[in-house]
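Below is one structure, written out as structure tokens; the observations come after it.
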There are 2 protein chains.
Amino acid sequence: MRSSRSYRQACSLALALDLVGERWTLLIIRQLWTGPKRFKNLLADLPGMGTNLLAARLKKLEREGIIQRRSLPPPAGVRTYELTERGLGLEAVILALGKWGLPLLGGRSQQYAYRPSYVAAGMRVTFRPEATRGVRETYEYAIGDEVFHVRVHGGGCDIRQGPAEHPAFRLKADAKTLLALAKGELRFDRALSAGQVEFKGDRKALGRSHAIFQL
Amino acid sequence: MRSSRSYRQACSLALALDLVGERWTLLIIRQLWTGPKRFKNLLADLPGMGTNLLAARLKKLEREGIIQRRSLPPPAGVRTYELTERGLGLEAVILALGKWGLPLLGGRSQQYAYRPSYVAAGMRVTFRPEATRGVRETYEYAIGDEVFHVRVHGGGCDIRQGPAEHPAFRLKADAKTLLALAKGELRFDRALSAGQVEFKGDRKALGRSHAIFQL
DNA sequence: CGGAATCCTCTTCGATACTG
DNA sequence: CAGTATCGAAGAGGATTCCG
């Protein structure tokens, strides 16, 4: 129990890896990035992870002050997990790793899991602040039955689960299609006429979003 | 063999972790950061890692194009490992993780390994470009029998193994002492008069270096 | 001598079954 | 639904041996 494997090196990198370098841990952080999640939500988007292991990781992360457990007020009363300030500090790590991994997207993608939450995380990774000059708007994406929205404002972007108030457009597609669009393997007009995408809103805003989130 | 555990997620973060998320891997990259290393060099600074495991990791990293093996010309003829361009691209990852881990330096440091190479990596992590305005000089550090130098120039810094040509100062101490100095737990004058540090060169430059590499 | 291969033990992982 | 218990499989760690 006590002996969670440690590198025992007086080096900040090794100490960081002692906390978040274990298998699955950074992927849990990625899932919590867009807001609080329940145990089953996490499990659903981390295929292959056992319930015991997820419970153990969550316990350790809570003990280290990286996430916190919160119980919603009754009658909901459900337990959720969310990042603390300290946990949010891992954003730079996830961004760096995600950017480094971008060229790897595209290999034998057949037997890989495609989830809406991966797309949401991917958008944050591909976000280019320098392409937002003056842009201040919100985009809504519906992937399967999961909806999230992206708010672009003055060099930053927020990605949150749930629908948006007044989005410049609403776009509906599945995760695979959206990834193919982002990679430029599929043209939007073609996807639209093939019925793979539903689009409602400002076409100009779609063009801007393509420039802002670019692989 | 083939089945090196993969997350199988169509997400750039997960794909990156499939390559460099395994135990020890990022620490190997850290070690190669200051230049080519031999097998035994790596082993010496990664206490607890077995020869078989190091060999396996190196093989995988070479296969993935992150490091490359090079044989020096005869008569030396020794094999070394060094980062490729792709491997160098992991710098942002190590910097982000290292910065996030800085507050962890300082706990029960007693039973931890202290190595010169950790100090060198730490300096890169704590480097603050904004504090270098107009500074263009080199500092040399001798820790035990290992020497490395830091070249600061126009917003960047290079850290390499070996002595420097014309350093602004040469400083000799052990890793533990240097870390205590960096953390501000030990005053330089006190360390100097206690004989824990040998210093030769420009005291003003030492002051600048403190501002440039700051925890 | 560097480093790859072998063995053995221990820990961690992954999947499923079970419980409050 | 949120976890705990369990167990076979894979990986890690340490020592030793083999090969160039």
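In what follows, chains are A, B, ... by sequence order, proteins preceding strands, each numbered from 1.
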Does a side-chain N or O of [X] approach OP1 or OP2 of [N] to a distance below 4.0 Å, or not?
X	N	result
A:Lys59	D:dA2	no
A:Arg69	D:dG3	yes
A:Tyr81	D:dG3	yes
A:Arg38	D:dA2	yes
A:Trp24	C:dG14	yes

Do NZ/NE/NH1/NH2 and the carboxylate oxygens of A:Arg124 and A:Glu91 come within less than 4.0 Å? yes
Rounded to whole Å, how long is the line connecting atom [atom1] of [X] with atom [atom2] of [N]?
X	N	atom1	atom2	result
A:Met49	D:dA2	CE	P	15 Å
B:Arg5	C:dG14	CZ	C1'	7 Å
A:Leu54	D:dA2	CG	C1'	10 Å
B:Leu27	D:dG13	CG	P	11 Å
A:Lys40	D:dG3	NZ	P	13 Å
B:Glu22	C:dC13	CD	C1'	13 Å
A:Arg57	C:dG14	CZ	P	9 Å
A:Glu62	D:dA2	CD	P	15 Å

Heavy-atom donor-acceptor pair, [X] side chain to [Y] backbone, under 3.5 Å:
X	Y	answer
B:Lys183	B:Leu181	no
A:Trp100	B:Ser12	no
B:Glu198	B:Lys172	no

From CA spacing to verdict: side chain to side chain donor-acceptor pair (under 3.5 Å), A:Arg115, A:Gln31: CA-CA 11 Å; A:Arg115 304 288 159 100; A:Gln31 293 306 116; over 6 Å; no
Assign each of B:Thr51 and B:Arg23 the nucleotide of DNA chain D bearing its closest heavy atom; nearer the 5' end lies the nucleotide of B:Arg23
Ignoring hydrogens and angles, are the base of D:dG14 and the side chain of B:Asn52 linked by a donor-acceptor pair under 3.5 Å? yes
For B:Ala205, enumerate each residue passing the side-chain contact (heavy atoms from CB on, under 4.5 Å) test, keeping only those at least two apart in sequence or located in another chain. B:Glu137, B:Tyr139, B:Ala168, B:Phe169, B:Asp202, B:Arg208
Report yes or no: is the cationic atom of A:Arg69 (NZ for Lys, CZ for Arg) closer than 6.0 Å to the six-membered ring centre of A:Phe39, at no more than 45° off its axis? no
Using a cut-off of 4.0 Å on non-hydrogen atoms, how would the nucleic acid contact of B:Gly50 be classed: base, sugar-phosphate, or nothing? nothing
If pairs are Watson-Crick or G-U with both distances under 3.5 Å, what is the dot-bracket string of DNA chain D, marking crossing pairs with [ ] and pairs to another strand with |? |||||||||||||||||||.
